[in-house]
Amino acid sequence: MSATTESPRGTKLPSALPQRTHDGARRQYIYLAVGLVVLFFLPFVLPESSQPVLVRTLIYGIMAVGWNLMSGYGGMFSFGHAAFFGVGAYTDAVLLTNFGISPWIAMIIGAVFSAGVGVLIAYLCLRYKLAGSYFALATFAFAQMFLLLAQNLELVNRTEGINIPLLPEDSWAMLQFGQDSFNYYWIPLLLLAAAVAVTIAFVYSRPGRYTQAIRDDPVAAESLGIPIMKYRLITVALSCAITSIAGSYYTQYYLFVGPEQAFSMHVSTDAIVPAVIGGVGTIWGPLIGAAVVGPLSELVAAVVRNPPPFLEFLQGVSGLDVAIYAVLLIVIVVFLPKGIYGTIRERLRK
Amino acid sequence: MNRGVRVTQTSTETKEAPAAPPRLLDNRQLRIAAGLVVVVGAAVALMYLFGGQPSGLLTQSLITGVLLGGVYALVSLGLTLIFGVLGIVNFAQGAMLTMSMYIVFFLATEWGLNLYLAAALTVPVMFGFGWLVQSTVLNRVMGDSTHERPLLVTLGLSLLIINVLLMVFGGRPVSVASPVEGSINVIGALVDVPRLIAFGGALAVAVALTLILRKTTLGLAIRAVAANDVGASLVGVNVKRIYAMTFGVGATCVAVAGGLMVSFTSLVPSAGEQFTTLAFVIVVLGGLGSIPGALVGGLFIGLVQTVGSLYLPGSGSLLLVFGIFLLVLFLRPQGLFGAKS
């Protein structure tokens with residue numbers, strides 16, 4: 001019955017790739033470098049109070065870049081990236097509080113662990129030929145199971161969550177600085193830049209090309225001798241590792257992680273929505289989406305606190321920010337299915 | 001194409017009786033149902049004998065489980081129709097449930113209506129809402145072969161409904177008292193009367209849906225679209241209109257569910273969210289588009305949850321539910337009562 005809306009074929013139109021791979025990749029790296037330099041100086045310009053917004057935006061960015069690799073380039077629509085975010089967040093918290101392991105090392109261990117978990121989940125889903133809605137539902141179910149496990153396991157303190165002890169002095173090794181230190185902004189900025197660099201390298205590499213070919217037409221790709229499962233799992237591993245790093249940094253920045261912060265459905269949504277708004281299956285889309293979504297709730301909160309005269313009825317109302325976010329999501333999906341960046345790029349090419 | 005041809009024949013309506021509808025329960029499905037009853041019965045018997053729980057407690061949780069399952073089934077009936085016919089993973093199902101509960105709450109407290117009268121008034125409102133959503137928004141994203149755009153739209157819709165409710169009604173829990181209070185004794189277990197009424201409502205909705213699908217022209221058109229939308233449009237069915245009607249009927253089911261559940265729910269804007277997830281589990285377990293499947297699946301999941309919580313503390317019994325869900329997805333993706341595709 002479900003066959004009416006699903007086809008076994010790929011879910012995206014093939015994205016036109018530049019002819020000269022090396023030039024294309026080099027140009028993207030240059031954009032990245034320029035963007036990094038500009039964003040590096042952002043805290044000097046913006047007021048101090050904007051730092052939490054910037055950090056949250058960067059975390060969204062890392063999550064969305066990770067999600068985009070698997071779902072945008074790999075064509076495997078994950079509705080459970082909270083699982084991988086949460087594994088990173090909890091690995092960091094558990095290793096640090098129980099064994100005193102530096103968050104940097106915990107971040108790497110978490111990424112490897114998360115990639116392993118992701119590969120296992122994706123292998124099961126692909127092995128049993130789940131596609132389309134069923135793949136999304138299965139990943140969703142795994143994330144929900146992780147949420148329930150976290151709520152019930154003594155190791156991770158059940159529903160209480162884990163607090164990271166606050167250190168008295170700055171420490172690079174333990175990733176803790178004074179409250180308003182710019183380091184809290186620069187570190188995720190570099191992590192995000194690294195994630196984008198990985199995406200560029202992957203997209204223009206041979207495995208990346210294979211992955212996109214598999215997404216566009218798995219049957220044709222397989223008939224050309226591409227081992228489908230292998231390249232899909234490589235993509236999933238990369239995607240999960242990147243998302244996990246966002247989770248580890250989340251724990252370090254907020255010095256707390258609980259089941260809801262790590263594994264709830266809203267975390268998965270936070271990985272999906274920036275990518276969808278910016279443009280799925282593009283390098284820069286997730287970043288643009290994060291830049292739109294990240295500051296949204298602060299802006300709305302500022303308006304609601306001090307509304308202009310014609311919006312006075314909104315004073316003190318809660319929920320408006322997410323409502324706007326939801327409308328934005330619906331409007332983009334209905335009218336700009338390629339996202340903001342994807343649509344602009346298409347217009348410019350014409 | 002075979003299916004399309006059959007639809008052509010039946011929808012000319014010159015034949016004396018429409019062709020036998022594709023599902024209620026054929027022999028194979030009856031065998032599955034019987035098998036399920038035997039397995040569940042045996043499990044229950046084993047628990048009474050060796051479960052290590054006092055039998056009164058077990059009886060109570062069995063009855064509670066069945067009644068809870070009725071509520072789950074009620075929510076899932078609308079979803080199985082939407083998922084089965086439109087192929088939309090409707091993440092807004094739970095939010096629509098909350099929305100209808102708030103409408104009932106509004107009518108009951110502001111207008112002072114009787115709870116069940118308010119519930120009856122909510123039904124056409126939710127039908128209109130569902131019809132509107134499908135015809136203005138979702139129909140625009142149905143065309144291409146991807147499943148993810150409708151999913152993202154319903155995800156946005158869910159967030160929108162929940163937060164508009166939060167803006168209008170605030171986050172403080174509210175409740176509506178049922179005109180019929182109290183509880184009665186059913187084979188040694190105490191049962192709240194409103195829950196019993198909700199259970200009866202689930203059965204009634206299932207029967208009504210089955211009748212609509214099997215006996216009316218609308219039902220015939222819905223089945224035709226579900227079987228083959230291109231074929232249906234070739235023989236003159238307005239597919240988009242049927243989509244809108246189907247979503248409206250799906251919304252109607254949650255309106256009934258909301259009306260019957262509101263008296264024993266602590267109503268907050270996010271109250272319905274948990275049901276979205278469970279309804280998906282039930283719909284996939286029962287088989288897409290299968291009404292008996294949604295009923296049986298609902299009862300089964302209700303039982304697993306309440307009886308499981310005797311042995312697994314906290315939310316542990318939900319782990320069992322998701323474990324079952326994944327097993328079904330992997331090993332029997334067509335569900336218990338679904339046809340093998």
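Lettering follows sequence order; numbering is per chain, from 1. Small disclaimer: the values here were computed from a predicted structure and weren't measured.
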Proximal component of Phe325(B), with respect to chain A [non-hydrogen, under 4.5 Å]: side chain
Gap separating the CD atom of Gln134(B) from the CG atom of Leu86(B), nearest 0.5 angstrom: 5.0 Å
- prompt: Tell me, side chain or backbone of Val334(A) under 4.5 Å from chain B's heavy atoms, or both, or neither?
  reply: both
field: For chain B, the option from Ile332(A), Leu329(A), Val322(A) that forms the most heavy-atom pairs under 4.5 Å
entry: Val322(A)
- request: Please state whether the side chain, the backbone, both or neither of Leu151(B) comes within less than 4.5 Å of a heavy atom of chain A.
  value: side chain
query: So among Thr57(A), Ile277(A), Ile288(A), which one has a side-chain contact (heavy atoms from CB on, under 4.5 Å) with Val293(A)?
result: Ile277(A)
query: Is it the backbone or the side chain of Leu130(A) that comes under 4.5 Å from a heavy atom of chain B, or both, or neither?
result: side chain
query: What do you reckon, are the aromatic ring centroids of Tyr90(A) and Phe146(A) less than 6.0 Å apart?
result: no
- request: Counting only heavy atoms closer than 4.5 Å, note whether Val281(B) contacts chain A via side chain, backbone, both or neither.
  value: neither
message: Strictly by side-chain hydrogen bond (donor to acceptor under 3.5 Å, both in side chains), give each pair with a member in residues 267-282 of chain A just once, sequence neighbours left out.
response: Asp270(A)-Tyr325(A)
query: Between Ala136(A) and chain B, which part of the residue has a heavy atom less than 4.5 Å away: side chain, backbone, both or neither?
result: side chain
- request: Before giving the answer on side-chain contact (heavy atoms from CB on, under 4.5 Å), spell out for Glu260(A) and His266(A) the whole-Å C-alpha distance, their side-chain angles and the decisive distance to 0.1 Å.
  value: CA-CA 9 Å; Glu260(A) 290 291 325; His266(A) 301 286; 5.6 Å; no
Side chain to side chain contact (heavy atoms under 4.5 Å, CB included) against Phe169(B), all qualifying residues, sequence neighbours excluded: Tyr102(B), Phe105(B), Phe106(B), Leu165(B)
task: Establish, yes or no, whether a centroid distance under 6.0 Å links the rings of Phe77(A) and Trp67(A).
output: yes
- prompt: Where does Ile272(A) contact chain B at under 4.5 Å (heavy atoms): side chain, backbone, both or neither?
  reply: side chain
query: Are the ring centres of Phe142(A) and Phe322(B) closer than 6.0 Å?
result: no
field: Interchain contact, Leu326(B) with chain A, by part (heavy-atom threshold 4.5 Å)
entry: side chain
message: So which residue, Val153(B), Leu319(B), Leu159(B), ends up with the most heavy-atom pairs under 4.5 Å with chain A?
response: Leu319(B)
message: Need one label for Val89(B): side chain, backbone, both or neither, based on atoms under 4.5 Å from any heavy atom in chain A.
response: side chain
